[in-house]
Enquirer: 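The following block contains the structure, expressed as structure tokens.
Hydrogens, waters and symmetry mates play no part in the numbers below; they use all other heavy atoms, side chains included. Order of the sequence lines fixes the chain letters, A, B, ..., with proteins taken first and strands second; residue numbering starts at 1 for each chain.
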Amino acid sequence: MFLIRRFKLANHPTLQLRYYCTPTSSSFTSKKLFVGGLSWSVDEKSLNDAFSSFGEVVEVKIIYDKDSGRSRGFGFVNFTKEDDASSAKDAMDGKALLGRPLRISFALEKVRGGPVVVPRLSNVRDDSS
DNA sequence: AATGAGCGC
């Protein structure tokens with residue numbers, strides 16, 4: 001089920017490839033939620049407060065821009081049980097937090113290790129024999 | 001400076 005390697009080609013200059021483990025079915029469950037649509041001013045504490053009532057929250061992480069320090073407007077919430085994550089998603093998806101409606105889905109996991117690009121030098125000779 | 005779909009180090 002989590003077998004499809006999906007790649008996304010980001011905007012040209014960096015030509016970054018990002019691989020994610022995506023489920024074959026569009027609806028799946030996870031203990032980890034992706035929470036988008038966050039107001040710039042939402043921090044991890046308030047996000048925790050908003051989600052901890054649905055179950056035991058292991059981790060709350062908001063993604064901040066590396067050098068501007070500003071929130072990128074999304075984050076992740078980890079529950080111990082995916083039932084809790086699921087009900088939190090159902091209850092909070094579309095619901096506004098600090099004025100902005102949350103966009104919640106189950107988190108995609110980055111493919112472990114990421115893509116391995118094997119250097120292939122076409123003019124390398126095999127001198128082993 | 002303002003930005004508003006997306007999936008982190």
Side-chain angles (χ1 to χ4, degrees):
Chain A
M1 122 152 148
F2 296 89
L3 295 182
I4 293 188
R5 291 187 326 180
R6 211 159 159 191
F7 69 90
K8 196 162 91 174
L9 200 52
N11 300 339
H12 181 61
T14 42
L15 281 179
Q16 283 188 337
L17 288 174
R18 306 199 290 192
Y19 286 74
Y20 298 100
C21 247
T22 61
T24 55
S25 81
S26 56
S27 73
F28 67 106
T29 60
S30 164
K31 287 181 288 192
K32 190 185 294 188
L33 295 180
F34 167 84
V35 183
L38 294 176
S39 164
W40 311 127
S41 53
V42 172
D43 61 350
E44 295 176 346
K45 174 186 175 318
S46 47
L47 199 57
N48 194 319
D49 292 344
F51 282 84
S52 54
S53 60
F54 298 96
E56 188 177 346
V57 173
V58 177
E59 175 192 33
V60 174
K61 191 189 303 188
I62 289 185
I63 309 307
Y64 294 95
D65 185 74
K66 186 172 284 188
D67 32 49
S68 74
R70 187 178 38 69
S71 165
R72 288 176 60 188
F74 69 92
F76 299 89
V77 178
N78 259 3
F79 288 88
T80 55
K81 302 191 291 282
E82 61 180 54
D83 282 345
D84 295 336
S86 186
S87 56
K89 166 170 150 43
D90 289 342
M92 298 297 287
D93 194 14
K95 187 168 166 296
L97 180 63
L98 266 48
R100 293 199 68 91
L102 268 37
R103 305 170 45 86
I104 305 182
S105 51
F106 294 104
L108 272 37
E109 298 284 351
K110 261 210 218 143
V111 166
R112 59 180 175 119
V116 178
V117 178
V118 181
R120 287 251 167 237
L121 307 186
S122 51
N123 55 352
V124 163
R125 292 175 45 200
D126 184 0
D127 293 328
S128 61
S129 57

Enquirer: Can you confirm whether the side chains of A/Ser86 and A/Asp83 place a donor and an acceptor under 3.5 Å from each other?
Expert: no
Enquirer: Answer yes if A/Leu98 and A/Ile62 sit in the same cluster of Ile, Leu, Val, Met, Phe, Trp and Tyr residues linked by side chain heavy atoms under 4.5 Å apart, and no otherwise.
Expert: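 Yes, A/Leu98 and A/Ile62 fall within the same hydrophobic cluster.
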Enquirer: Holding to side-chain hydrogen bond (donor to acceptor under 3.5 Å, both in side chains), I want the full list of residues that pass it with A/Lys61, two or more places apart in sequence or in another chain.
Expert: none
Enquirer: Quick one: does A/Ser46's side chain have a donor or acceptor within less than 3.5 Å of a partner on A/Val42's backbone?
Expert: no
Enquirer: Among residues 58-72 of chain A, which ones have heavy-atom contacts with DNA chain B below 4.0 Å?
Expert: A/Lys61, A/Ile63, A/Arg70, A/Arg72
Enquirer: By the 4.0 Å heavy-atom rule, please label A/Leu33 as base, sugar-phosphate, or nothing.
Expert: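 No contact.
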Enquirer: Measure CG/A/Leu102 against C1'/B/dG4 and give the value in whole Å, please.
Expert: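 In whole Å, B/dG4 C1' lies 13 Å from A/Leu102 CG.
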Enquirer: List in numerical order all residues of residues 74-82 of chain A for which some heavy atom is under 4.0 Å away from an atom belonging to DNA chain B.
Expert: A/Phe74, A/Phe76
Enquirer: Pick out which of A/Asp84, A/Asn78, A/Ile104, A/Val60 makes a side chain to side chain contact (heavy atoms under 4.5 Å, CB included) with A/Phe51.
Expert: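 Answer to the side chain to side chain contact (heavy atoms under 4.5 Å, CB included) test with A/Phe51 among A/Asp84, A/Asn78, A/Ile104, A/Val60: A/Ile104.
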Enquirer: Could you state the atom-to-atom distance from CZ of A/Arg100 to C1' of B/dT3 in whole Å?
Expert: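 Result: 10 Å.
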Enquirer: Can you sort out the partners of A/Asp65 under side-chain hydrogen bond (donor to acceptor under 3.5 Å, both in side chains), two or more places apart, ordered by chain and number?
Expert: A/Ser68
Enquirer: Tell me: CG of A/Leu47 to P of B/dG8, nearest whole Å?
Expert: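 In whole Å, B/dG8 P and A/Leu47 CG are 16 Å from each other.
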Enquirer: Among all residues two or more places apart in sequence or in another chain, which pass the ring-ring contact (aromatic ring centres under 6.0 Å, His included) test with A/Phe34?
Expert: A/Phe74, A/Phe76
Enquirer: Just the rounded figure in Å: distance from P of B/dC9 to CD of A/Glu44.
Expert: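 Going from CD in A/Glu44 over to P in B/dC9 covers 12 Å.
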Enquirer: By a strict heavy-atom criterion of less than 4.0 Å, which residues belonging to residues 91-98 of chain A are in contact with DNA chain B?
Expert: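 Per residue number, the list is empty: none.
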Enquirer: Look up atom CZ in A/Phe106 and atom NZ in A/Lys32, then write down how far apart they are to the nearest 0.5 Å.
Expert: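 Taking CZ in A/Phe106 and NZ in A/Lys32, the distance rounds to 13.0 Å.
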Enquirer: Pair A/Asp43, A/Tyr64 - check side chain to side chain contact (heavy atoms under 4.5 Å, CB included), show working.
Expert: CA-CA 10 Å; A/Asp43 61 350; A/Tyr64 294 95; 4.0 Å; yes
Enquirer: Whole-Å distance between B/dC7 P and A/Phe28 CZ?
Expert: 12 Å
Enquirer: At their closest point, which heavy atom of A/Ala85 faces which heavy atom of A/Ser30, and how far apart are they?
Expert: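 What the structure gives for the nearest pair is CB-O, 3.4 Å.
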Enquirer: Would a single hydrophobic cluster contain both A/Phe28 and A/Leu33, if residues Ile, Leu, Val, Met, Phe, Trp and Tyr are joined by side-chain heavy-atom contacts under 4.5 Å?
Expert: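 Same cluster.
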